[in-house]
Structures are given as structure tokens and as C-alpha cells.
Protein chains: 2
Amino acid sequence: MDDKTRPASISMPEKLDGGASGPMDVRVWLRMLSCTMTIEKMLRRNFQDQFNTTLPRFDVMASLNRHPDGQTMGQLSRALLVSNGNVTAIVRQLQEQGLVEARADPEDRRSSIVVLSAAGKAQFDQLAAAHHRWIAGVFAEVGVEDQTQLYGLLATLKASIAGKGQG
Amino acid sequence: MDDKTRPASISMPEKLDGGASGPMDVRVWLRMLSCTMTIEKMLRRNFQDQFNTTLPRFDVMASLNRHPDGQTMGQLSRALLVSNGNVTAIVRQLQEQGLVEARADPEDRRSSIVVLSAAGKAQFDQLAAAHHRWIAGVFAEVGVEDQTQLYGLLATLKASIAGKGQG
DNA sequence: TCAAGTTAGTTTAGGCCTAAAATAGTTTTC
DNA sequence: GAAAACTATTTTAGGCCTAAACTAACTTGA
């Protein structure tokens with residue numbers, strides 16, 4: 001295959017995380033975007049290569065794992081912040097693989113309640129362990145103090161975002 | 001339209017940024033992911049609503065703006081960390097709108113060199129100004145000290161990522 | 001009651017993205 | 001100089017994602 005098709009799997013987008021030019025807020029944003037995209041890309045690739053699954057499917061399974069009684073499509077959509085139609089497609093795939101099951105909602109015939117199957121739960125445990133290993137690898141050289149500080153600063157950013165409209 | 005289709009435009013994915021459970025590194029990752037996705041979503045929506053364009057197209061234009069002599073498809077692909085085929089499609093769209101031009105590479109007939117057109121440059125200036133306003137809005141309540149600290153911590157993370165393989 | 005409005009979910013059209021295969025041009029090596 | 005290897009790019013198949021249109025079912029209120 002043409003190996004140039006695939007960007008280096010664990011390198012930073014140099015041009016995106018521009019050196020030291022421009023206003024500080026934009027520089028922070030570009031660096032955060034660059035880190036996030038790089039990690040996300042690594043996760044996607046690892047999920048694909050090692051488990052033949054995808055990050056969005058993992059996200060759905062993780063959400064269902066936190067809700068043993070199941071969730072409706074709408075609850076999944078809101079929890080994961082993806083569109084309703086998108087959830088439809090992802091859940092359908094998980095259903096085809098027997099990883100989740102849908103049962104009728106006794107209180108609302110429009111809804112069905114999606115739950116992790118036994119097979120899904122078993123697979124999720126493996127996925128979650130691997131996911132944690134991968135994240136730990138990425139943060140290996142960030143001390144726990146720095147992690148805590150980062151966590152706090154991101155809370156500040158999160159609050160700032162919440163306070164802002166569209167611009 | 002069904003307004004539930006569209007997730008709240010500027011809220012956080014509660015379930016993703018889980019409360020205070022799990023290992024610190026995963027918590028940091030989920031919070032960073034959540035902030036990044038929220039900001040990215042806001043940018044996409046604003047680009048769409050206010051300029052009828054998209055973030056990837058802006059990224060290509062930004063890269064070309066930094067390279068007045070133009071870039072080949074491969075250079076764009078590497079700079080933006082997206083696949084070659086993807087660059088092909090985005091550049092084609094920009095070409096159709098007259099925002100970029102492609103000229104033959106005199107030294108390699110396989111390549112063409114893409115440059116921002118005059119119209120493209122003019123539009124980019126507007127887009128960049130708006131982009132900066134939006135980012136400034138998001139970081140409005142994050143003090144410059146905090147921004148600097150965040151920038152440094154992300155550098156640490158970036159170095160940690162670079163030091164790690166696939167897991 | 002029953003029409004109007006609301007809500008849950010699916011479908012559709014279209015953009016983004018990747019990996020892999022295919023095409024075309026360039027370089028290397030014998 | 002020609003075959004082999006390599007490189008730049010495009011094409012294709014398929015997953016992710018959204019907004020908007022649509023269907024079906026529930027709720028409300030006169």
C-alpha cells in the first residue's frame with residue numbers, strides 16, 4: 001500500500017500547533033486540539049487493529065455499561081452528545097453483532113430500551129481495560145501533579161465555555 | 001424540525017466527562033476530549049451558519065495562507081494530518097469556489113501546487129478574524145496566567161505522547 | 001372526543017475521514 | 001536503457017456525523 005496515505009500514527013500536526021505566534025488563546029486551543037486529535041486517532045486505530053471495533057461503538061457500550069437498566073436512543077444521544085440518527089446506526093451495528101439488545105419500553109411504545117448483552121458486557125470489560133492501558137501510556141510521562149493541575153485548568157475552561165454563547 | 005436531533009449547542013457531555021470516578025489519567029482525557037469536542041462543534045456550527053464553509057476548508061486555507069508559494073497535496077496532507085484522499089476532496093471544493101488555484105509543479109509532473117487565490121486570501125482574512133473572536137469568547141473566563149499554565153502542561157502531554165508507541 | 005401540538009425514533013442527503021487499490025510519473029539499479 | 005522500486009495523487013468502499021424531513025405514538029385542551 002501507499003504508506004503516505006496514512007499520516008504518521010503518533011506524531012503531532014506541526015503546522016496546526018504553530019510555534020509561538022499568534023494570540024495565547026488561539027495557541028492554547030491549537031495545541032489542545034492537536035493533542036486531542038492525536039490521542040483520538042491512536043485510540044481509533046488501536047480499537048480497529050486490536051478489536052475490530054470503533055471508538056463510537058465503545059462509547060455507546062461504555063454508556064450502557066454505566067446504565068445496567070438500559071437507555072433509550074434519546075438518552076444515549078444526549079449522553080454521548082451525538083445526533084439521534086447517528087445513535088440509530090451505531091446501535092444497529094452493535095445489535096447485528098449481538099453486543100446489545102433492545103427491548104420494548106412498557107411505558108412508551110415509541111421507545112425501545114437498549115441494554116448490553118452478556119457478550120457485550122464481556123467484550124466491554126476487555127475494551128475498557130485496553131482503553132485504560134492506552135490512555136495510561138499516553139500520560140505516562142505526565143506526573144500525577146501535572147495531571148491534577150491539568151484537570152483543574154480544564155474545569156476552568158469548561159466553565160468558561162458554558163458561560164459563552166455562539167459569538 | 002425535530003429539535004432533539006441537534007444536541008444542545010454549547011453544553012458538555014455529562015456522561016463523558018464522568019464525575020470523579022476512575023483513574024486520574026482517564027478523567028483528564030475525558031475532560032479534555034469533552035472540552036475539545038464542544039469547542040470544535042461550536043466552530044463548525046459558526047463556520048457553517050455565518051460563512052457557509054467548514055472547519056476543514058478553513059484549515060486548508062490557513063495552511064496555504066502560511067505558505068504563499070503554495071503547497072502540494074502531500075504537503076497539505078502532512079501539515080494537516082489528514083489523509084491524502086481527504087485533501088483531494090477538500091481542495092476540489094475550494095477550487096470550485098475559486099478560493100484556491102492549482103498550478104503545475106515544474107519539477108514533478110505528478111504534483112500540482114495549490115495556492116490561495118486573491119478571493120481566497122480575502123475570504124481567509126475574514127474567517128481568521130471570526131475564528132479568533134470565537135476562540136477568545138471561549139477562553140474569556142480563563143485568565144492569561146491559567147492559559148499560560150495550560151499551554152505548558154499541554155506541552156508536557158505532547159512530549160509524553162511523542163514518547164509513546166501504540167500500547 | 002378529537003384535533004393540535006409534542007416527542008421518540010428513523011431515514012435521507014451530504015460532508016468528513018480513513019485504508020486500500022489503482023494510476024501515473026520518477027528514481028534506482030543493474 | 002529497461003525493469004524494479006518508489007512516490008504523488010486519485011478513486012473507492014465504508015464508517016462517522018449532522019440537519020432536515022418523515023413516521024409513529026403520546027399528550028393536551030377545548
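Convention: sequence-line order gives letters A, B, ...; per-chain numbering from 1.
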Open item on the list: Using the side chain to side chain contact (heavy atoms under 4.5 Å, CB included) criterion, which residues pair with B:Arg110? Sequence neighbours excluded.
Closed with: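 In terms of side chain to side chain contact (heavy atoms under 4.5 Å, CB included), with neighbours along the sequence ignored, B:Arg110 is linked to B:Asp108.
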- [ ] State which residues pass side chain to side chain contact (heavy atoms under 4.5 Å, CB included) with B:Gln93; sequence neighbours excluded, sorted by chain then number.
- [x]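 If we apply the side chain to side chain contact (heavy atoms under 4.5 Å, CB included) test to B:Gln93, skipping adjacent residues, the hits are B:Arg57.
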Scan [X] against the nucleic acid and name what it touches under 4.0 Å (heavy atoms): base, sugar-phosphate only, or nothing.
X: A:Arg57; value: sugar-phosphate
X: A:Gln93; value: sugar-phosphate
X: B:Ile90; value: sugar-phosphate

Open item on the list: So if I take residues 95-115 of chain B and measure heavy-atom distances to DNA chain D, which residues fall below 4.0 Å?
Closed with: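 When residues 95-115 of chain B is checked for heavy atoms under 4.0 Å from DNA chain D, the hits, listed by number, are B:Arg110, B:Ser111, B:Ser112.
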- [ ] Could you identify which residues of residues 119-129 of chain A place a heavy atom less than 4.0 Å from some atom of DNA chain D, listed by residue number, or say none?
- [x]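 None, since no heavy atom is under 4.0 Å.
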In whole angstroms, how far is the [atom2] atom of [N] from the [atom1] atom of [X]?
X: B:Arg92; N: D:dT9; atom1: CZ; atom2: C1'; value: 13 Å
X: A:Asn84; N: D:dA21; atom1: CG; atom2: C1'; value: 14 Å
X: B:Gln75; N: D:dT7; atom1: CD; atom2: C1'; value: 13 Å
X: B:Gln48; N: C:dC16; atom1: CD; atom2: C1'; value: 12 Å
X: A:Asp59; N: D:dC17; atom1: CG; atom2: C1'; value: 13 Å
X: B:Phe58; N: C:dG15; atom1: CZ; atom2: C1'; value: 18 Å
X: A:Leu94; N: D:dG15; atom1: CG; atom2: C1'; value: 13 Å
X: B:Arg44; N: C:dC16; atom1: CZ; atom2: P; value: 8 Å

Would you please name every residue forming a salt bridge (charged side-chain N to carboxylate O under 4.0 Å, His left out) with [X], sequence neighbours left out?
X: A:Arg109; answer: none
X: A:Arg44; answer: A:Glu40
X: B:Glu141; answer: none
X: B:Asp105; answer: none

With a 4.0 Å limit, can you tell me whether [X] has a side-chain N or O closer than that to the phosphate oxygens OP1/OP2 of [N]?
X: B:Ser77; N: D:dT9; value: no
X: B:Asn86; N: C:dT18; value: yes
X: A:Lys41; N: C:dT18; value: yes

Open item on the list: Which residues end up grouped with B:Ile113 if you chain together Ile, Leu, Val, Met, Phe, Trp and Tyr wherever their side-chain heavy atoms are less than 4.5 Å apart?
Closed with: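 Besides B:Ile113, the hydrophobic cluster comprises B:Val115, listed by chain and residue number.
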Open item on the list: If you count heavy atoms of other groups shown closer than 6.0 angstrom to CD of B:Glu107, is the number above 12?
Closed with: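 Open.
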Open item on the list: Report for the helix from C:dT1-D:dA30 to C:dC30-D:dG1: angle between first-end and last-end helix axes, five pairs each, rounded to 10 degrees.
Closed with: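 Terminal axis comparison yields 0°.
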Open item on the list: Using 30° and 60° as the class boundaries, would you call the ring planes of B:Phe47 and B:Trp134 parallel, tilted or perpendicular?
Closed with: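 B:Phe47 and B:Trp134: perpendicular rings.
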Task: For A:Gln71, the option from A:Val114, A:Val60, A:Leu64 that meets side chain to side chain contact (heavy atoms under 4.5 Å, CB included) - done: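 Answer to the side chain to side chain contact (heavy atoms under 4.5 Å, CB included) test with A:Gln71 among A:Val114, A:Val60, A:Leu64: A:Leu64.
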Open item on the list: Can you tell me which nucleotide in C:dT10, D:dC17, C:dC16 comes closest to the side chain of A:Met73?
Closed with: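 Given the options C:dT10, D:dC17, C:dC16, the side chain of A:Met73 is closest to C:dT10.
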Open item on the list: Checking A:Phe124 now: which residues fulfil ring pair (Phe, Tyr, Trp, His ring centres under 6.0 Å) with it, not counting sequence neighbours?
Closed with: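 Ring pair (Phe, Tyr, Trp, His ring centres under 6.0 Å) check on A:Phe124 returns A:Phe58.
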Open item on the list: My understanding is that only residues two or more places apart in sequence, or in another chain, count here; which of them pass side chain to side chain donor-acceptor pair (under 3.5 Å) with B:Ser112?
Closed with: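 In terms of side chain to side chain donor-acceptor pair (under 3.5 Å), with neighbours along the sequence ignored, B:Ser112 is linked to no residue.
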